[in-house]
Amino acid sequence: MIATTGTTTTGIARFSLTSADPSRFARFYIGLLGFTPAIAYRVDASIYGATGMATVQRLRLGAQEIELVGFDTPGAPYPPDSTSHDRWFQHLALVTTDIAAAYARLTTTADWDAITAGSRPVQLPQSSGGVTAFKFRDPEGHPLELLEFPAGGAPSHWANSSAIGPCIGIDHSAIVVTDTDASIAFYEGFGLAVGNRSRNHGPEQQALDGVSDVAVDVTALSHDGATPHLELLAYATPAVRGGTSGPADIACTRSVLTDADAGQPARILIDPDGHRVILTG
């Protein structure tokens, strides 16, 4: 359902990715990206809006967490012709201390696909944050981004991190939206607030996203500047491709927010563009 606003949340607990085989899939995140395994368990799939049962494998990277959810009644695979401007797009941005080292580790296997043109990291101009980044898809098609902040330009929580790299944590998850104001209104209703805003364009952004003629308005949303945060991607060009994913489809990624009222049962919500949000105590 599309939720009414007014529920206070205190942070993003984790991001939830659908997987055809969580235990096998976890090896990619552990071996190449530096995640460590946490708990694994079985759960009623209804908490995700699906039917039957599901297997959940949680993984940690630094202080952040993801979960890989495999449904006994599987949904559709990730659409093979997906782009960076699809309405169902949601990526995770992984902070690196050395993007060259992280990229070199990634290239030890062919079990992924590049999104970024030229299959190499791209440095964005200062107007777009000056970061160096590389976008790619994991073995099941989920989009990911390696991210390195410019020297002296990392936020304090990353500059002071004691995590061992090259990947040290999850900075944000970015979702494609068709109406920034409508999405801001939705997420503000759960306690997130607007932070930095920019319009990213030019040859570097085109290379990063792997599409031509890119102009994308980026809006950061967070709980008092906390990490991880959300970013809204509103593409002026090219046009956003329509469509949404079902709850058990591989393309369905969920943002799990911590409900300020710990006594409330878990609830699954849908934002104006079909992205799923879970509120949990």
Side-chain angles (χ1 to χ4, degrees), residues 9-15 17 29-38 58-67 90-107 115-116 120-136 138 142-175 187 191-202 204-205 207-209 216-233 255-258:
T9 61
T10 58
I12 298 175
R14 59 189 174 275
F15 298 105
L17 285 68
Y29 281 80
I30 294 168
L32 291 178
L33 300 174
F35 282 76
T36 57
R58 292 194 188 179
L59 304 173
R60 294 188 67 80
L61 183 65
Q64 290 76 49
E65 186 174 79
I66 66 171
E67 63 181 24
Q90 180 167 1
H91 84 221
L92 304 181
L94 312 181
V95 176
T96 71
T97 55
D98 183 342
I99 196 170
Y103 177 74
R105 178 183 291 182
L106 192 63
T107 59
I115 294 174
T116 299
R120 63 182 183 275
V122 174
Q123 184 173 7
L124 299 182
Q126 284 301 123
S127 60
S128 300
V131 300
T132 301
F134 177 74
K135 292 183 180 181
F136 63 101
D138 70 20
H142 306 96
L144 299 168
E145 181 180 36
L146 300 177
L147 185 68
E148 180 179 308
F149 293 103
S156 59
H157 51 270
W158 293 122
N160 299 327
S161 173
S162 60
I164 299 173
C167 295
I168 61 173
I170 301 170
D171 184 69
H172 66 269
S173 180
I175 59 176
Y187 286 101
L192 286 84
V194 173
N196 292 332
R197 306 184 75 162
S198 65
R199 168 162 281 205
N200 295 1
H201 58 91
E204 297 88 356
Q205 190 68 41
L208 179 63
D209 287 353
V216 55
D217 293 312
V218 182
T219 304
L221 295 170
S222 70
H223 295 83
D224 296 324
T227 297
H229 64 272
L230 288 178
E231 289 191 356
L232 310 179
L233 307 178
S255 301
V256 183
L257 308 184
T258 302

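- In this structure the side chain of Val216 reaches within 4.5 angstrom of the side chain of Gln205, judged on heavy atoms.
- When side chains are defined from C-beta on, Ile170 counts as touching Ile66, because their heavy atoms get closer than 4.5 Å.
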Going through the checks in order, is the side-chain contact (heavy atoms from CB on, under 4.5 Å) test met by Tyr187 and Val194? CA-CA 9 Å; Tyr187 286 101; Val194 173; over 6 Å; no
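- With contacts defined as side-chain heavy-atom distances shorter than 4.5 Å, the pair Val218/Arg197 does not qualify.
- The side-chain hydrogen bond (donor to acceptor under 3.5 Å, both in side chains) contacts involving residues 144-169 comprise His91-Glu145, His157-Thr227, Trp158-Asp171, where partners must be two or more places apart or lie in separate chains.
- Panel note: side chain Thr96, backbone Leu147; a donor-acceptor pair is recorded below 3.5 Å.
- At a threshold of 4.5 Å between non-hydrogen side-chain atoms, the residues Pro228 and Gln64 count as touching.
- Scanning all heavy atoms of the two residues, the minimum distance from Ala220 to His229 falls at CB-CD2, 4.0 Å.
- With sequence neighbours left out, the salt bridge (Lys or Arg N to Asp or Glu O under 4.0 Å) criterion links Asp98 to no other residue.
- Leu208 and Thr116 get closest at one heavy-atom pair: O-OG1, 2.9 Å.
- A salt bridge links Lys135 to Asp209: at least one charged side-chain nitrogen sits closer than 4.0 Å to a carboxylate oxygen.
- Taking CZ of Arg58 as the start and CZ of Arg60 as the end, the distance is 9.5 Å to the nearest 0.5 Å.
- Between the OG atom in Ser222 and the NE2 atom in His172 there is a gap of 12.5 Å [rounded to 0.5 Å].
- Across every non-hydrogen atom of Ala104 and Thr107, the tightest pair is O-OG1, 2.8 Å.
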Full working for side-chain contact (heavy atoms from CB on, under 4.5 Å) between Ile168 and Leu61: CA-CA 6 Å; Ile168 61 173; Leu61 183 65; over 6 Å; no
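- Under the 4.5 Å side-chain criterion, counting only non-hydrogen atoms from C-beta, Pro121 is not in contact with Leu146.
- Counting only heavy atoms from C-beta outward, the side chains of Val122 and Thr132 never approach each other to under 4.5 Å.
- The CG atom of Leu192 sits 5.5 Å away from the OG1 atom of Thr9 when rounded to the nearest 0.5 Å.
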Is there a side-chain contact (heavy atoms from CB on, under 4.5 Å) between Thr10 and Leu257 once you walk through the steps? CA-CA 7 Å; Thr10 58; Leu257 308 184; over 6 Å; no
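- Thr36 is not listed as a side-chain neighbour of Leu59, based on a closest heavy-atom distance of 4.5 Å or more.
- If you run side-chain contact (heavy atoms from CB on, under 4.5 Å) between Ile12 and each of Leu230, Thr258, Val256, only Leu230 comes through.
- Taken to the nearest 0.5 Å, the CG atom of Leu17 stands 4.5 Å off from the NE2 atom of His142.
- Side-chain contact between Pro166 and Tyr103 is absent, with no heavy atoms from C-beta onward closer than 4.5 Å.
- Looking at every heavy atom in both residues, Ser127 comes nearest to Ser198 through O-CB, 4.1 Å.
- Nearest heavy atom pair, residue Ile99 against residue Phe134, reads CD1-N, 4.2 Å.
- Scanning both residues, Tyr29 and Asp138, for their nearest heavy atoms gives OH-OD2, 2.6 Å.
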Please report the C-alpha distance between Leu33 and Leu144 in whole Å, then the side-chain angles of each, then the deciding distance to 0.1 Å, and finally whether the side-chain contact (heavy atoms from CB on, under 4.5 Å) criterion is met. CA-CA 11 Å; Leu33 300 174; Leu144 299 168; 3.9 Å; yes
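- A 6.0 Å sphere centred on CZ of Arg199 holds more than 12 heavy atoms belonging to other residues, nucleotides or ligands.
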